[in-house]
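All remarks here apply to the structure that follows.
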2 protein chains.
Amino acid sequence: MTIALLETSPPRMQESAAARVERELRASIIDLTIRPGERLSESEIAERFQVSRQPVREAFIALMRQGLVDVQPQRGTVVVKLSVRRMLDARFIREAIEVAIVRRACERFDAHYRDRAASLIEAQETAARAGDHLGFQRLDSLFHITLAEGADCAEAWSAVEMQKAHMDRVCALTLHSPGSMGPLVDQHRAILNAIEDGDGERAVAAMSHHLSEILRAVAGLDLAHAELFE
Amino acid sequence: MTIALLETSPPRMQESAAARVERELRASIIDLTIRPGERLSESEIAERFQVSRQPVREAFIALMRQGLVDVQPQRGTVVVKLSVRRMLDARFIREAIEVAIVRRACERFDAHYRDRAASLIEAQETAARAGDHLGFQRLDSLFHITLAEGADCAEAWSAVEMQKAHMDRVCALTLHSPGSMGPLVDQHRAILNAIEDGDGERAVAAMSHHLSEILRAVAGLDLAHAELFE
DNA sequence: TAGTATGCACTTGTATGGAAGTTCAAGAGG
DNA sequence: CCTCTTGAACTTCCATACAAGTGCATACTA
């Protein structure tokens, strides 16, 4: 649904070289700037980022733990290909956690975050009308994070983030038609409304429905980019 | 509920030095052999394992990502203290995922894994009678993994594993009374029965109840080991 | 020609030295 | 006695060199 713009943006103070390489490589892998199946060389990346091999190696290991690259000892490192199976697994895990989040949100949801979520929906409406895909994706991510924080589940979101990457990578393939963002805004609104009403079952159903949108994108893209899939 | 014996056991072929250090340190951190709050030194650990500082550093970074140590640049690395909050967060995430697993298991559960789960319960019964805590913990972990694999959710289990460490660390403090394992076996049996009946709601309730056992262990131990908590 | 060595060019893994930053204690100065 | 400075002793982080393993092309052999 979204690409990782949020965790990409803050070039925090004194970011280590390893963290910088990992952050930038991760973003490129998720938005498919680096193609699935492509070989990555420690030396080449090190030269490109003007650092030594060591921080690059640490970035590779971190990306391997996230399931984004495959480090084969003494052979090489490759960006893992897209996988419908892996995407469905990620969706399953994400839905499990986010459903639990909204269920808890129906019991207690901080008022400040409720207002923030509402204003984010407004901003999404604007971005959708303007056809601003990148902005919309960033706002989408912020909306989900806000739900987690409002329900006091910030830690749970970090667990979602890893899975989200595998969904975003597949979504980066789908062509973003102008009208595709509107329904998503409505779904966000339905989720927030249910939370405000404290209606757990409705909130769960709304979130589940929302996260099932990606299933519709699966059918149409397999053949067009077969070489990117395993 | 359990400590990480499963992922600790296989000293796989050609395991790298970094992986070995991480594996052993992780096990020691989880079973509290290395005390929460203790400082870790790259040099000291390197000397102890007879390797250079580099693989130790990589192990530290990996453990940091799992939330088990805190690497403070240019200052030092410490084992994170126990945290009731962190444990409750881990429990929340784990319950969310495992509840989704058993719900799926009620729809389709491989017969081979059903038999395996049943035999694991038998083995747990034996271990419980014999008072074999370590064996029981290993069987407990295997049971949950078997549920995940039987429901074709192996990937989801790896997401659970990280959270599980934070629960196991707190559970390592609780004194294991001889009769404490019996109810857990019954709970496992209830879960498996519900799955065999295809009764989703009952399976979810049984798993949720099972994973709530740890909440009972929270109250009694805070004061006895206050220095281990943040 | 088919099959088998063999050496080269690549890869990741490890060791080691030094750069940059933090902490803490000892000592100078008020 | 209190405050500030300063330097030694640590820490993690990075750069570099080397070790070890893989794959492939080339050349040699039957």
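Note on naming: letters A, B, ... go to the chains in the order of the sequence lines (proteins, then strands), and numbering restarts at 1 for each one. In this text the structure is predicted, and so the values were computed from the model without any measurement.
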- Query: Quick one: is B:Thr77 getting a side-chain N or O under 4.0 Å of the D:dT11 phosphate, OP1 or OP2?
  - Reply: no

In residues 46-62 of chain A, what donor-acceptor pairs under 3.5 Å come from side-chain atoms, sequence neighbours left out?
from, atom 1, to, atom 2, distance (Å)
A:Arg48, NH2, A:Glu44, OE2, 3.3
A:Gln50, NE2, A:Glu47, O, 3.2
A:Ser52, OG, A:Gln54, N, 3.3
A:Arg53, NE, A:Glu42, OE1, 2.9
A:Arg53, NH2, A:Glu42, OE1, 2.9
A:Arg57, NE, B:Glu58, OE2, 2.6
A:Arg57, NH2, B:Glu58, OE1, 3.1
A:Arg57, NH2, B:Glu58, OE2, 3.4
A:Glu58, OE1, B:Arg57, NH2, 3.1
A:Glu58, OE2, B:Arg57, NE, 2.7
A:Glu58, OE2, B:Arg57, NH2, 3.3

- Query: Residues in ring-ring contact (aromatic ring centres under 6.0 Å, His included) with A:His112, at least two apart?
  - Reply: none

- Item | Pair A:Glu95-A:Ser208, side-chain donor/acceptor within less than 3.5 Å | yes

- Stretch residues 42-60 of chain B: residues that reach within less than 4.0 Å of DNA chain C through a heavy atom: B:Val51, B:Ser52, B:Arg53, B:Gln54, B:Pro55

- Do A:Arg26 and A:Leu63 come close enough that some side-chain heavy atom pair is under 4.5 Å? yes

- Partner of A:His166 under side-chain contact (heavy atoms from CB on, under 4.5 Å), chosen from A:Leu82, A:Ile93, A:Leu88, A:Leu68: A:Leu68

- Query: Using a heavy-atom cut-off of 4.0 Å to chain A, what are the terminal contacting nucleotides of DNA chain C, in 5' to 3' order?
  - Reply: C:dT11 to C:dA15

- Check every strand shown and say whether B:Leu40 touches a base, only sugar-phosphate, or nothing at a heavy-atom separation below 4.0 Å. sugar-phosphate

- Note on the structure: Side-chain contact check for A:Ala17: nearest option of D:dC14, D:dT12, D:dG21 is D:dC14

- Task: Round to a whole Å and report the spacing from CD of A:Glu15 to C1' of D:dC14.
- Result: 15 Å

- Item | Residues which pass ring-ring contact (aromatic ring centres under 6.0 Å, His included) with A:His188, listed by chain and number, not counting sequence neighbours | A:Phe143, A:His144, A:His210

- Query: Is the shortest heavy-atom distance from the side chain of A:Gln124 to the side chain of A:Phe136 under 4.5 Å?
  - Reply: yes

- Message: Without decimals, in angstroms, what is the distance between B:Gln74 CD and D:dC13 P?
- Response: 6 Å

- Message: Quick check: do A:Phe229 and A:Ser83 have side-chain heavy atoms less than 4.5 Å from each other?
- Response: no

- Item | Side chains of A:Phe92 and B:Arg104 in contact at under 4.5 Å (non-hydrogen atoms) | yes

- Task: Write down the atom of B:Glu149, the atom of B:Ala154, and the distance for their closest heavy-atom approach.
- Result: CG-CB, 4.4 Å

- Task: Could you pull out the closest heavy-atom pair between A:Ala159 and A:Ile97, with the gap in Å?
- Result: CB-CD1, 3.9 Å

Is there any protein nitrogen or oxygen under 3.5 Å from a nitrogen or oxygen in nucleotides 5-9 of chain D, and what are the pairs?
none

